[in-house]
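Residue numbering restarts at 1 for every chain, and letters A, B, ... go by the order of the sequence lines.
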There are 2 protein chains.
Amino acid sequence: MTVTASVPRTPRAATLRKQEAILAEAERQFARFGFEGVSLDSIAAALELSRQNLLYHWPSKEELYRAVLDSVMDEWLANMNAITQAGEPRAAIQAYVADKLRFSRERPSGNAVFTREMMAGAPRYADVLKAQVMPLLHADVARFERWADEGRIRRLDFMHLMFLIWSSTQAYADLGAQFSLYMGKPALDDADFERARGLIVNLIWRSLAV
Amino acid sequence: MTVTASVPRTPRAATLRKQEAILAEAERQFARFGFEGVSLDSIAAALELSRQNLLYHWPSKEELYRAVLDSVMDEWLANMNAITQAGEPRAAIQAYVADKLRFSRERPSGNAVFTREMMAGAPRYADVLKAQVMPLLHADVARFERWADEGRIRRLDFMHLMFLIWSSTQAYADLGAQFSLYMGKPALDDADFERARGLIVNLIWRSLAV
DNA sequence: GTCTATACCTGGATAGAC
DNA sequence: GTCTATCCAGGTATAGAC
């Protein structure tokens, strides 16, 4: 009899850690090059794995891609309740913009994967976007409308306002590399995000305030 | 002797028209699926050409891709002088936002190809972006600074203001399909662009006006 | 200028040994 | 759970006939 049998060779924790590493690397690469621009080989190579090993953990490239999107969506949904939860318009704007920018700062790749998917017409994720994002958007717009009805904010085109908030904050994830290049620095820092936050919030609030 | 020899079989005009058709189709496909997501076959098929014929007109896929970017850049540079040319801040903002949105409306694919390239870190076009776009951006910021010095506008962070103008207008090209889907219509129409223009201009001017 | 044929490679995915 | 071997589709690009 050997002692090896009693020792668990591949603890579940290690496997989970590896799968998370794969997800993270996949997210990074999909963000830059899109679904078709990434090969399983390039993901595996970055982690010093073989492509075959990677396919052991996910049945296909597409499943891996959807797993990345699911993971981002989970975090996004957990963070993006700012407007509908807030009881007060100004606080809602401040919280929403700050949350969105923080998400852009902390998970730029995850954000960019989404943008790419949407630019392509969401061929692999339209169902989730329509089921999850669209209702949130309409709820936010409705909340603004109610505040306008109550005379607490001026009435703007709130749908397009949401598009502006969304695109101007998202850009700090998708185009952060370009922005920093144009400003002559290696990467965006906390101060840049703080300046962006201040500018966006002030711009919006100056137009909303009665 | 035959008469055919005296008749030019392939007039230059037809060739040019074909090359323009190729460029246009390539732009449309690169916009949606990115450089790697597009095959020469799919471009050729859409034009009812063979891939080989396509490669007769351009030496390689990469050359075709750069030709698309060059073509977009030419038009962009011709349109984007609004701020530096205007003598008056409010007119400058109005013209700039209107021009940028019009460009998003008239050439959404061209705009999207650029966004994709920048998201990837401009692996195939960084030289041109640095040489052409960056000086324009800094000139625009400098113009705002001068107007602020003269007390004609309030001082904001003009670099980030440019980022906001850029991203919020660009979104109507890159994400137009998503926006229209969220609004429950088949495509964005003139009224949508007009609403976007009004919102963005008003938002900015309310913060700039002294 | 356009076509057929072909070279050559990359990439996703499966089978099976260990 | 990881590796080697292999299959096969699709892709870029070139050669050469017409």
Between the first and last five pairs of the helix from C/dG1-D/dC18 to C/dC18-D/dG1, the angle of the axes, rounded to 10 degrees
0°
What I'd like to find out is whether the side chain of A/Ile22 reaches to under 4.5 Å of the side chain of A/Trp58, using heavy atoms alone.
yes
Where does the angle between the aromatic ring planes of A/His160 and B/Tyr172 fall among parallel (under 30°), tilted (30 to 60°) and perpendicular (over 60°)?
parallel
Contact list for residues 129-145 of chain B, test salt bridge (charged side-chain N to carboxylate O under 4.0 Å, His left out), sequence neighbours left out:
B/Glu145-B/Arg155
Going by the angle between their ring planes, with limits at 30° and 60°, are B/Phe144 and B/Phe158 parallel, tilted or perpendicular?
parallel
Length of the line joining B/Tyr56:OH and D/dA15:C1', which is rounded to integer Å
15 Å
Rounded interatomic separation in angstrom, taking NZ from B/Lys18 and P from C/dG1:
9 Å
From CG (B/Leu175) to OG (B/Ser180), nearest 0.5 Å
10.5 Å
Write down the distance between CG (B/Leu54) and C1' (C/dT2), rounded to a whole number of angstrom.
12 Å
Report the distance from atom OH of B/Tyr65 to atom P of D/dT12, rounded to the nearest whole Å.
14 Å
May I have the distance from B/Trp58 (atom CH2) to D/dG11 (atom P), rounded to whole angstrom?
20 Å
Length of the line joining A/Asn53:CG and D/dT4:P, which is rounded to integer Å
11 Å
Is the distance from OP1 or OP2 of C/dC3 to the nearest side-chain N or O of B/Ser50 less than 4.0 Å?
yes
Show the nearest heavy-atom pair for residues B/Arg124 and B/Arg66, with the distance to one decimal.
O-NH1, 2.8 Å
Gap between atoms CG and C1', on B/Leu47 and C/dT2 respectively (whole Å)
15 Å
Summarise protein proximity over nucleotides 12-18 of chain C in one line of letters, 5' to 3': B for base, S for sugar-phosphate only, - for none, counting protein heavy atoms closer than 4.0 Å.
BBB----
Looking only at heavy atoms, the pair that brings A/Thr169 and A/Lys100 closest together is OG1-CG, 2.9 Å
In whole Å, what is the span from the CD1 atom of B/Ile43 to the P atom of D/dG11?
11 Å
Would you mind telling me which of A/Phe179, A/Tyr182, A/Phe193 makes a ring-ring contact (aromatic ring centres under 6.0 Å, His included) with B/Phe163?
A/Phe179
Quick test of your reading of the model: are A/Asp174 and A/Arg116 salt-bridged, counting only N-O distances below 4.0 Å?
no
